[in-house]
> 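Have a look at the structure that comes next, please.
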Amino acid sequence: AQSVTQPDIHITVSEGASLELRCNYSYGATPYLFWYVQSPGQGLQLLLKYFSGDTLVQGIKGFEAEFKRSQSSFNLRKPSVHWSDAAEYFCAVGGISNTGKLIFGQGTTLQVKP
Amino acid sequence: DVKVTQSSRYLVKRTGEKVFLECVQDMDHENMFWYRQDPGLGLRLIYFSYDVKMKEKGDIPEGYSVSREKKERFSLILESASTNQTSMYLCASRWGLAGVSEQYFGPGTRLTVT
């Protein structure tokens, strides 16, 4: 069965430090991969997505993610974190049975220290 | 901009009440989804719809039903609310019946059943 794992439930980084959020997926075919961000009290906003082609994808707010097929991973990175990046981040896999369904990871909560 | 709206941000209901959660999207999207979000579990799909009057069960449909009489509106119904349905409910919509487009999310409804 398809699944997504985000190994880190909580991460705390200092403002200005680099960030990497991990995502591993289990899916037999070529996955469609997404990262979403949820600020407190808000719905989910798409940060970036990968469907094919260049394995390093750029997103909004200075985020990027790299697809590594050999490791079944799609980790999210940002070189310098801002206090406004404090939020919950969700990795998701799609392309399942042509239904548009997404399977989400458990989420990672990012706290930013001043 | 795509806009997905949900009828209430916060809702408090009593056990046994019938509850309606409404979702409206303004981009003529074919697909619409209802998720529930619980801490540590990420988002779990309750039901989705790929056309008017069409619906399919997601991963946790028990205790819920849905209605889609018009393309822009997708309703989630709790026939007899129970305390274990206290949760955040998120609606999403998506263009196309298959393929790679992302889902757009509403702000969520936080439902408390007492």
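Note on naming: letters A, B, ... go to the chains in the order of the sequence lines (proteins, then strands), and numbering restarts at 1 for each one. Quick caveat, the model's predicted, so the values are computed rather than measured.
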> Do A:Tyr89 and A:Val57 share a hydrophobic cluster (ILVMFWY, side-chain heavy atoms under 4.5 Å, transitive)?
yes

> So if you build clusters from Ile, Leu, Val, Met, Phe, Trp, Tyr with side-chain heavy-atom gaps below 4.5 Å, do B:Phe105 and B:Leu76 land together?
no

> With a 4.5 angstrom heavy-atom cut-off, is it the side chain or the backbone of A:Ile9 that approaches chain B, or both, or neither?
neither

> Starting at CZ of A:Phe90, measure out to CD of B:Gln37 and round the result to the nearest 0.5 Å.
4.5 Å

> Spell out, yes or no, whether B:Tyr89 and B:Phe48 are grouped together once hydrophobic residues are joined by side-chain heavy atoms under 4.5 Å, including indirect joins.
no

> What part of A:Gln6 is in contact with chain B, defined as an atom under 4.5 angstrom from a non-hydrogen atom: side chain, backbone, both or neither?
neither

> Which atoms of B:Arg44 come close to chain A, meaning under 4.5 Å heavy atom to heavy atom: side chain ones, backbone ones, both, or neither?
neither

> Any idea which of B:Pro107, B:Gly106, B:Gly108, B:Pro39 has the most non-hydrogen atom pairs under 4.5 angstrom with chain A?
B:Pro107

> Specify the closest pair of heavy atoms between A:Tyr36 and B:Gln103, including all atoms of both residues, with the distance to one decimal.
OH-O, 2.8 Å

> Given that the side chain runs from C-beta out, which part of A:Gln45 has a heavy atom under 4.5 Å from chain B: side chain, backbone, both or neither?
neither

> Please answer: with hydrophobic residues joined when any side-chain heavy atoms are less than 4.5 Å apart, are B:Phe74 and B:Met88 in the same cluster?
no

> When rounded to the nearest 0.5 angstrom, what is the spacing between CZ in B:Phe33 and NZ in A:Lys101?
9.5 Å

> Establish whether B:Leu43 and B:Leu21 are linked, either directly or via other cluster members, by ILVMFWY side-chain heavy-atom contacts under 4.5 Å.
no

> Do the side chains of A:Leu102 and B:Tyr35 get nearer than 4.5 Å, heavy atoms only?
yes

